[in-house]
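Shown next, in structure tokens, is the structure this report addresses.
Numbered from 1 within each chain, the chains take letters A, B, ... in sequence-line order.
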Amino acid sequence: MIIKVDREKCAGHARCWALAPELFELDDEGYVLPRDIIVPAGQEALAGRATRACPERALSIGED
Amino acid sequence: MASKPTVPDHVPAHCVGAFNLYKSPEMRPTPFGDPFAAVAKLLDGPSVFYAPETTRDGQGAWIVTTAEEQRNVLQDGASFSSYRRIFSSAIGEDWPVIPLELDPPEHGKYRSMLNPLLSPKRVAALEPFVTAKAVELIEGLKARGASAEIMTEFAFPLAVSVFLAFLGIPDDRLMEFVGWANELLHMGPAERTAAAHKVLNFLESMIAQRKAQPADDFMTFLVKAQVEGRPLTDQEIRSIAVLLFIGGLDTVATAIGLDLYFLARNPDRQQELRDNPAIMPSAVEEMLRAFPSVTPIRTATRDMDLGGCPIRKGDLVSCPSMASSRDPAEFPDPNTIDFNREDNRHTAFSYGPHRCLGSHLARREIIIALNEWFARIPPFRIKEGTAPVTFGGFVFGVENLVLDWS
């Protein structure tokens, strides 16, 4: 499973990072880094919750 | 002489709604009111409608109710400009507060300069100060008795002193500043103009001081900051300083007040937090969802259709966060306050590039305020014989919140 990041839509709410700091890395301004995130096995549920927490719909789940 | 509110010719009669964020009965000061429930009812109606006289200057605006349509508006700075002269119009001038009233891409360069100062990681450094201030205020009011007026004795002094410390402004005039914010945000044109001059004069003297004598604070950061390889102009500095000063004075205190107003009337929900203090961060997010206080407003830059309504260039488009946060398409059982709610992508801090710059500090402050309150104050209720007064309008809120824990 991967998480796709739409950096254009990220507005820095950091709700993903608040739920799963080990999955999401923020830059110095507080925006999520613009790259696909590979979800380690066993963390799919957490990844799903963090993805759904984005107010901007900047995150989506994809297959790797 | 009262005149009938006018509706522009291009607005079809079926698009006009009866609700108004200022003048509807539930929006007026109401003892034991619930203005949020009144706004939530809008979700039973159309996603977009025209409300005559729904800004504080009595202008008409399109009100957008659903989360999806609000996202469409607030994420699209090209079609919906945020330039409204909210501050400068009060003193007969014409300049944007920065970065709120700038549109992308101009907006981005100032936002990038300010973001690191209030990023989630940087905000963590302010926590010890917030905690110490919260403890000092709670212990102080406890020592005075078993009841207190929360807004003036706890919520405002906490939120405002934290913000003033961040800006580098001494807090010996704290309640005077709160008075200015009240005049600016909640009173008529004459009070607003007078308050705007007071705020500007004060900030200009602060800026001059920091230029002469740098310190380690936000004001000094501003006078030294560079944008596009040059120092900020004096006009840019005051446009940023004004926004941050106003932004920090009202909303965090309001959120703390609204949360305690809800909890005081719901002892079982207090118990839930006492039984399981670990859920406080999630409970605070849920109360931000249920009781958000602000309404972003934009101006259409072109003609378009939105939610089946004909928007014309120049029309105001109003996005009450208290509507989108109760959208059943976004939040199952939106009017149930569930401290364990998942997928809580609420809109208390707005959407899009203008997402509240102070949001990370705000949520930490609210969590700390409630944690320290619950750690020190036994079960509490509204003091008998008193009546908290809720209000809608520019910033929703509550006043005369007297809590009793005797």
- prompt: Tell me, side chain or backbone of A/R49 under 4.5 Å from chain B's heavy atoms, or both, or neither?
  reply: both
task: Kindly state each residue pair satisfying side-chain hydrogen bond (donor to acceptor under 3.5 Å, both in side chains) with at least one member in residues 362-371 of chain B, sequence neighbours excluded.
output: B/E127-B/R364, B/E285-B/R363
task: Please test A/E22 against A/Q43 for side-chain contact (heavy atoms from CB on, under 4.5 Å), starting from the C-alpha separation and ending with a verdict.
output: CA-CA 10 Å; A/E22 62 282 5; A/Q43 297 200 37; 3.8 Å; yes
Min side-chain heavy-atom separation B/K121-A/W17 under 4.5 Å: yes
- prompt: Checking B/E101 side chain against B/R84 main chain: does a donor-acceptor pair fall under 3.5 Å?
  reply: yes
Contact residues of residues 69-76 of chain B (partner chain A; heavy-atom separation under 4.5 angstrom): B/R71, B/Q75
query: Is the B/F396 to B/F291 ring centre distance short of 6.0 Å?
result: no
message: Quick check on the structure: residues of residues 326-342 of chain B within a heavy-atom distance below 4.5 Å of chain A, by number.
response: B/E330, B/E342
query: Is chain A contacted by the side chain of B/S350, its backbone, both, or neither, given a heavy-atom distance below 4.5 Å?
result: backbone
- request: Could you grab the distance from atom CD1 of A/I38 to atom CD1 of A/I3, nearest 0.5 Å is fine?
  value: 10.5 Å
task: Residue by residue, scan residues 4-11 of chain A and write down, ordered by number, those that have a heavy-atom distance under 4.5 Å to chain B; if none do, write 'none'.
output: A/K9, A/A11
- line: For A/V32 and A/F24, the nearest pair of non-hydrogen atoms, with its separation, is CG2-CD2, 4.1 Å
query: Is a donor on one side and an acceptor on the other found under 3.5 Å between the side chain of B/S82 and the backbone of B/L100?
result: yes
query: So what's closer than 4.5 Å to chain A heavy atoms on B/S112: side chain, backbone, both or neither?
result: both
- prompt: Which answer fits A/L19, side chain, backbone, both or neither, if we ask what part of it has an atom under 4.5 Å from a heavy atom of chain B?
  reply: neither
- request: Taking the six-membered ring for Trp and the single ring otherwise, decide whether the centroids of A/H13 and B/H360 are under 6.0 Å apart.
  value: no
message: If we define contacts as heavy-atom pairs under 4.5 Å, which of B/G352, B/P353, B/C356 has the most with chain A?
response: B/G352
message: Under a 4.0 Å threshold between the charged nitrogen and the carboxylate oxygen, would A/R15 count as salt-bridged to A/E56?
response: no
query: Taking the inter-plane angle between the rings of B/F218 and B/F221 on a 0 to 90° scale, is it parallel (under 30°), tilted (30 to 60°) or perpendicular (over 60°)?
result: parallel
query: So do the side chains of B/V48 and B/I63 get within less than 4.5 Å of each other, counting heavy atoms only?
result: no
- prompt: Between A/P55, A/A58, A/G30, which has the largest tally of heavy atom pairs under 4.5 Å with chain B?
  reply: A/P55
task: Would you confirm whether B/S47, through its side chain, and B/T65, through its main-chain N or O, come within 3.5 Å as a donor-acceptor pair?
output: no
message: Between B/S321 (side chain only) and B/V294 (backbone N and O only), is there a donor and an acceptor less than 3.5 Å apart?
response: yes
message: Please check: side-chain N/O of B/T254 versus main-chain N/O of B/D250, any donor-acceptor pairing under 3.5 Å?
response: yes
query: Side chain of B/T220, backbone of B/D216: donor and acceptor closer than 3.5 Å?
result: no
